[in-house]
Amino acid sequence: MTETMRTIGLIGGMSWESSAEYYRLLNEEVRRRLGGHHCARSLLLTVDFAEVEAMQRAGDWEAAGRLLAGAAATLQDGGAELVLLCTNTMHRVAAEVEAALTVPFVHLVDATAERITAAGLTTVGLLGTRFTMEMAFYRDRMRGHGIEVLVPDEPGRTVVHDVIYEELTRGRVEDASREAYRRVIADLAARGAEGVILGCTEITLLVGRRDSPVPVFDSTRIHVERAVDLALAAPVPESAGPRR
């Protein structure tokens, strides 16, 4: 059965804590499906988050796109047969990453949107970094799937963002922050959110289903499950991106 398993390339390091979660979930999912001693055929390339975070603060998305496109190409050259960008925020440069590949790029937002649509929902709340919540790239991609996205009001966005960068990306998980997130989620539900996207890979380290009065869509787990679907499918579909 392993002869049909494709090698999954992971662009990680944003942050490494969430990349470790990706790796764990990926291998657990393959073992759940195949049993025995099976694990995922994978390659992980970790970039330096300090470098990426500086580009985010400077608004230098062009440089970030070049960096991550180079990482994608390196994974493909190393044998990756499909590629994941293990971060929500940096899907801001997903087009640049996909353009560097001839193998499939597994888009996190598309996978999450498909799961929301399958659940019959059309309006969801979004938790993520300030970039993810305030820039148009995430909301517009969701809207293309017929899904409207609500984001927290201020100061909710500040709370969500600061906890990610000051705590979760540094390996800190605080009970007080969990309570703050619960209040933000409850407010989104009160405003009409039928579900909530955990739209930052680190957020799953802090809150989950039990913390929300509405269904939770864990973008990390959904992304992983979609990747495993493709890795175990035969044949793997062509990428929409141009060939190099």
Side-chain angles (χ1 to χ4, degrees), residues 18 21-22 25-26 28-29 32 84-92 94-95 105-165 167-168 173-230:
S18 64
E21 187 73 357
Y22 259 90
L25 291 171
L26 187 64
E28 287 183 350
E29 183 64 17
R32 185 185 72 80
L84 280 67
L85 180 57
C86 301
T87 159
N88 283 260
T89 295
M90 297 314 296
H91 272 71
R92 167 69 174 75
F105 174 72
V106 186
H107 201 293
L108 180 152
V109 179
D110 290 345
T112 305
E114 289 165 8
R115 189 69 61 87
I116 293 166
T117 298
L121 308 186
T122 58
T123 303
V124 294
L126 172 64
L127 302 182
T129 67
R130 186 175 293 280
F131 310 108
T132 299
M133 292 185 290
E134 295 182 354
M135 289 182 169
F137 72 95
Y138 209 103
R139 297 193 307 273
D140 287 352
R141 190 102 181 181
M142 281 285 172
R143 192 170 290 120
H145 289 269
I147 298 167
E148 289 300 317
V149 173
L150 305 177
V151 298
D153 294 332
E154 284 288 4
R157 293 196 300 276
T158 295
V159 169
V160 172
H161 178 90
D162 287 352
V163 167
I164 292 168
Y165 277 88
E167 298 175 16
L168 300 179
V173 178
E174 305 287 347
D175 288 340
S177 297
R178 181 175 294 108
E179 288 302 321
Y181 267 52
R182 286 171 174 167
R183 289 192 293 272
V184 171
I185 292 170
D187 181 65
L188 287 168
R191 289 168 49 202
E194 302 165 305
V196 173
I197 302 169
L198 304 185
C200 177
T201 47
E202 283 84 11
I203 289 178
T204 58
L205 304 174
L206 184 67
V207 293
R209 294 174 184 172
R210 70 181 65 181
D211 301 296
S212 173
V214 293
V216 165
F217 295 87
D218 176 353
S219 63
T220 301
R221 185 175 292 276
I222 291 168
H223 201 198
V224 163
E225 290 173 353
R226 180 58 177 152
V228 174
D229 288 343
L230 293 175

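Fair warning: this is a prediction, and the values are worked out from it, not measured in the lab. Values below: every heavy atom of this structure, side chains too, minus hydrogens, waters and symmetry copies.
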A.B. asks: Using every non-hydrogen atom in the two residues, find where H107 and A94 come nearest and quote the distance to one decimal.
C.D. replies: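 For H107 versus A94, the nearest heavy atoms are NE2-CB, 3.7 Å.
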A.B. asks: Please list, chain by chain and in numerical order, all residues satisfying side chain to side chain donor-acceptor pair (under 3.5 Å) with R92, sequence neighbours excluded.
C.D. replies: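 R92: no side chain to side chain donor-acceptor pair (under 3.5 Å) contacts found.
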A.B. asks: Do R191 and D187 pass the side chain to side chain contact (heavy atoms under 4.5 Å, CB included) test, and can you show the C-alpha distance, the side-chain angles, and the key distance before you say yes or no?
C.D. replies: CA-CA 6 Å; R191 289 168 49 202; D187 181 65; 3.5 Å; yes
A.B. asks: Apply the test side chain to side chain contact (heavy atoms under 4.5 Å, CB included) to residues M142 and I197: give CA-CA distance (whole Å), side-chain angles for both, the deciding distance (0.1 Å), then the verdict.
C.D. replies: CA-CA 11 Å; M142 281 285 172; I197 302 169; 3.6 Å; yes
A.B. asks: CD of E225 to CG of L26: how many Å apart, nearest 0.5 Å?
C.D. replies: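 These two atoms lie 11.0 Å from each other.
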A.B. asks: Find the distance between CD1 (I164) and OG1 (T89) and round it off to the nearest 0.5 Å.
C.D. replies: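 I164 atom CD1 to T89 atom OG1 measures 7.0 Å (nearest 0.5 Å).
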A.B. asks: Rounded at 0.5 Å granularity, tell me how far OG1 in T112 sits from CD1 in I222.
C.D. replies: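 These two atoms lie 4.5 Å from each other.
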A.B. asks: Please tell me whether E202 and S18 have a donor and an acceptor in their side chains that are separated by less than 3.5 angstrom.
C.D. replies: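 The criterion, which ignores hydrogens and geometry beyond distance, is satisfied for S18 and E202.
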A.B. asks: Please give me the minimum heavy-atom distance between N88 and T132, naming the atom from each residue.
C.D. replies: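 What the structure gives for the nearest pair is C-OG1, 4.2 Å.
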A.B. asks: Side chain to side chain contact (heavy atoms under 4.5 Å, CB included) between F131 and M90: does it pass, once the steps are laid out?
C.D. replies: CA-CA 9 Å; F131 310 108; M90 297 314 296; over 6 Å; no
A.B. asks: Could you go step by step and tell me if L85 and L108 meet the side chain to side chain contact (heavy atoms under 4.5 Å, CB included) rule?
C.D. replies: CA-CA 8 Å; L85 180 57; L108 180 152; over 6 Å; no
A.B. asks: For R139, is the CZ atom crowded, meaning more than 12 foreign heavy atoms sit under 6.0 Å from it?
C.D. replies: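 Yes.
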A.B. asks: Looking only at heavy atoms, what is the nearest atom pair of S219 and Y138, with distance?
C.D. replies: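 Result for this residue pair: CB-OH, 4.3 Å.
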A.B. asks: Answer with yes or no whether the side chains of T158 and R130 bring together a donor and an acceptor at under 3.5 Å.
C.D. replies: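 Yes - a donor-acceptor pair under 3.5 Å links their side chains.
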A.B. asks: What's the spacing between I203 CD1 and L127 CG if we round to 0.5 Å?
C.D. replies: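 Going from CD1 on I203 over to CG on L127, the span is 5.0 Å.
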A.B. asks: What are the two closest non-hydrogen atoms of P152 and V184, and how far apart are they?
C.D. replies: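 The pair with the smallest heavy-atom distance is CG-CG1, 3.6 Å.
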A.B. asks: Mind listing the closest non-hydrogen atom pair of D211 and G208 along with its distance?
C.D. replies: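 That closest heavy-atom pairing would be OD2-N, 2.8 Å.
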A.B. asks: Taking the side chain as C-beta and beyond, is there a heavy-atom pair between L168 and V173 under 4.5 Å?
C.D. replies: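 Touching, per the 4.5 Å side-chain cut-off.
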A.B. asks: What pair of heavy atoms forms the shortest contact from P213 to A186, and how long is it?
C.D. replies: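 Shortest heavy-atom contact: CG-CA, 4.4 Å.
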A.B. asks: Distance-only, no hydrogens or angles: does the R183 side chain make a donor-acceptor pair with backbone N or O of G156 under 3.5 Å?
C.D. replies: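 Flag not set: sc R183 to bb G156 has no pair under 3.5 Å.
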A.B. asks: How many angstroms lie between atom SG of C86 and atom CD of E21, to the nearest 0.5 angstrom?
C.D. replies: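 If I round to the nearest 0.5 Å, the distance is 11.5 Å.
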A.B. asks: Under 3.5 Å, is there a donor on one side chain and an acceptor on the other for T220 and T204?
C.D. replies: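 On atom types as modelled, these side chains do not qualify, holding no pair under 3.5 Å.
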A.B. asks: Can a donor-acceptor pair be found, under 3.5 Å and without considering hydrogens, that links the side chain of E148 to the backbone of T123?
C.D. replies: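 No: the side chain of E148 does not pair with the backbone of T123.
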A.B. asks: In terms of heavy-atom contacts, does CZ of R178 have more than 12 from other residues, nucleotides or ligands at under 6.0 Å?
C.D. replies: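 Enclosed.
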A.B. asks: Parallel, tilted or perpendicular: which describes the rings of F105 and H91, with under 30° parallel and over 60° perpendicular?
C.D. replies: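 The arrangement is tilted - the two ring planes meet at 30° to 60°.
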A.B. asks: Salt-bridged, D110 to R226, with N to O below 4.0 Å?
C.D. replies: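 Between R226 and D110 there is no salt bridge, as every charged N stays at least 4.0 Å from the carboxylate O atoms.
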A.B. asks: CD1 of I147 to CD of E114: how many Å apart, nearest 0.5 Å?
C.D. replies: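 So the CD1 of I147 and the CD of E114 are separated by 9.5 Å.
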